[in-house]
Structures are given as structure tokens and as C-alpha cells.
Asker: 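Got a structure here, written out as C-alpha cells. Questions coming.
Computation of the quantities below employed the complete heavy-atom set of this structure, encompassing side-chain atoms and omitting hydrogens, waters and symmetry-equivalent molecules. Model, not experiment: these values are computed from the prediction.
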Amino acid sequence: MTNVSFGPRTQRVYVALRDRIARGDLAAGAKLPAHIELAAAYGVAPLTMRQVLARLEADGLVSREHGRGTFVRPQVPAAVLIVDDDALMRALIAEYVTRAGYRAIPVADPAEGLAHLAADPSIALVFSDVRVPDTARGLDFIRAVRRRQPMLPLVALTGDPDDLAGLHGTPEWPVLVVSKPFWAHQIEETLRLALRP
């Protein structure tokens, strides 16, 4: 996403179009109306709409083709890696992730999780139980993820916050910690916080 800040009108129109694309109201491959028509529809100046379209293009949501128009780009949903040796817990988190519109990659083993991270660049978030299958291996997995991909958000799931004592004060500390047992809304909010556009 671009870091350029825009005024409230530009931001309002950008968010409205971005959300329509995310919801699928504007399907992949769909041609958008001309920027002048869009400007009239959203009640903004044509220059404002050009800024909105430029930002949508910079964010990979649309492609502007000279002489042809602006088209919605196909969106690959971000993937969420779920590392937990409890099959029921993996399935539950995967259900919440899928319901939120992301692709879930549930795995039972830290080594398998690291293999997925190395092979799949669409992984945008990791949920990891701390005890996978025990605290030492769980912490090793968290350290490995944080060292290899320090910008990748990692959420530690634990029933005992003391399990994370070995990471206190280190760069390997998880971005978020969710206590077990958790509620659906906690996972949903974690997804929103970690993966917001």
C-alpha cells in the first residue's frame, strides 16, 4: 500500500472503491467507468478521482491500461498459516480465518510451517500455539519465523503467558499474544488488526 496521505474526500472515495473490490462487488477483470463518470458518481472532482485510481493501482487493486481503461485486478486472498498440534484447534482457527475471507494453511508441525513459509509468499500472518508440541519447540518456531521474516506478523496462542518468558525483551517477541481459551471475535479482531489494508 502507498504511504501518501490524501484529504478526506480522496480517502473516502478510495475506501469506498477498495471495499467494493474486496467484497467482490467489482469483480476481477471488470472495467471501471471512466474517471469522469466515477467522479460524478462519487461527487468529487475528476482530479480527485485520478488520485484515487492512482492509489488503487499502486496498491495492486486495479490496472490502468492506456487507451483501454481501468480494470479490477484479480485478488489473491492473503494466506494465514496456523501452526497447532491440536487438530480441533487448527480446524477452529481455520474456520474463523476462512470466514473472514483469508486462505487458511493449517499445519500440525513447526517444520512443516517453516516449509510453507519458505514456499508461499502470500502468507501474511502466522498463528502459532506456543506448545507445539512443547514449549521449547514452540519458542524455537517463533524465533525462526521472527528471524527469517521480521516484518511478518506472528500471533502466539497460549494458555499460560509464562510460556513466552524465554522471548521477553527479545526481537523475537510475537506481535500479538492471544490467550486460550479465546472467543471468535478475538481471532476476527486479530485478523483485522494484523491484515488491515
Asker: Start with the C-alpha distance between Val83 and Asp129, add both sets of side-chain angles, then the distance that settles side-chain contact (heavy atoms from CB on, under 4.5 Å), and finish with yes or no.
Answerer: CA-CA 6 Å; Val83 182; Asp129 185 22; over 6 Å; no
Asker: Would Gln51 and Arg9 count as having a side-chain donor-acceptor pair, cut-off 3.5 Å?
Answerer: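 Absent: no donor and acceptor within the cut-off.
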Asker: Test side-chain contact (heavy atoms from CB on, under 4.5 Å) on Glu95 and Thr98 and set out the steps.
Answerer: CA-CA 5 Å; Glu95 179 183 331; Thr98 303; 5.9 Å; no
Asker: Look at Asp86 together with Lys180 and state whether they make a salt bridge at an N to O cut-off of under 4.0 Å.
Answerer: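 Looking at Lys180 together with Asp86, the answer is no, because their closest N to O distance does not fall below 4.0 Å.
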Asker: Is Glu188 paired with Arg99 through a side-chain N to carboxylate O contact shorter than 4.0 Å?
Answerer: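 Judged by the 4.0 Å cut-off on N to carboxylate O distance, Arg99 and Glu188 do form a salt bridge.
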Asker: What donor-acceptor contacts under 3.5 angstrom involve side-chain atoms of residues 163-174, with partners at least two apart or in another chain?
Answerer:
residue: Asp163; atom: OD1; partner: Arg131; partner atom: NE; Å: 3.4
residue: Asp163; atom: OD1; partner: Arg131; partner atom: NH2; Å: 2.9
residue: Asp163; atom: OD2; partner: Arg131; partner atom: NE; Å: 2.7
residue: Asp163; atom: OD2; partner: Arg131; partner atom: NH2; Å: 3.3
residue: Asp163; atom: OD2; partner: Thr158; partner atom: OG1; Å: 3.2
residue: Thr170; atom: OG1; partner: Leu167; partner atom: O; Å: 2.7
residue: Thr170; atom: OG1; partner: Glu172; partner atom: N; Å: 3.3
residue: Thr170; atom: OG1; partner: Glu172; partner atom: OE1; Å: 3.3
residue: Glu172; atom: OE2; partner: Arg147; partner atom: NE; Å: 3.0

Asker: Apply side-chain contact (heavy atoms from CB on, under 4.5 Å) to residues Val97 and Ile82 and explain how you reach the verdict.
Answerer: CA-CA 9 Å; Val97 166; Ile82 303 159; 4.2 Å; yes
Asker: Can you give me the closest heavy-atom contact between Thr190 and Gln186, atom names plus distance?
Answerer: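 Taking Thr190 first and Gln186 second, the nearest heavy atoms are OG1-O, 2.7 Å.
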Asker: Of all heavy-atom pairs between Phe141 and Ser128, which one has the smallest distance, and what is that distance?
Answerer: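 Closest pair (atom of Phe141, atom of Ser128, distance): CD2-OG, 3.4 Å.
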Asker: Could you pull out the closest heavy-atom pair between Ala144 and Leu114, with the gap in Å?
Answerer: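 Heavy atoms of Ala144 and Leu114 come nearest at CB-CD2, 4.0 Å.
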Asker: Could you grab the distance from atom CZ of Arg50 to atom CD of Glu57, nearest 0.5 Å is fine?
Answerer: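 It is 12.5 Å, given to the nearest 0.5 Å.
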Asker: Would you check, one step at a time, whether the test side-chain contact (heavy atoms from CB on, under 4.5 Å) holds for Ile123 with Val80?
Answerer: CA-CA 6 Å; Ile123 294 174; Val80 177; over 6 Å; no
Asker: If you measure from the Lys or Arg side-chain nitrogens to the Asp or Glu carboxylate oxygens, is any gap between Arg137 and Asp134 under 4.0 Å?
Answerer: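 Counted as a salt bridge, because a side-chain N and a carboxylate O are separated by less than 4.0 Å.
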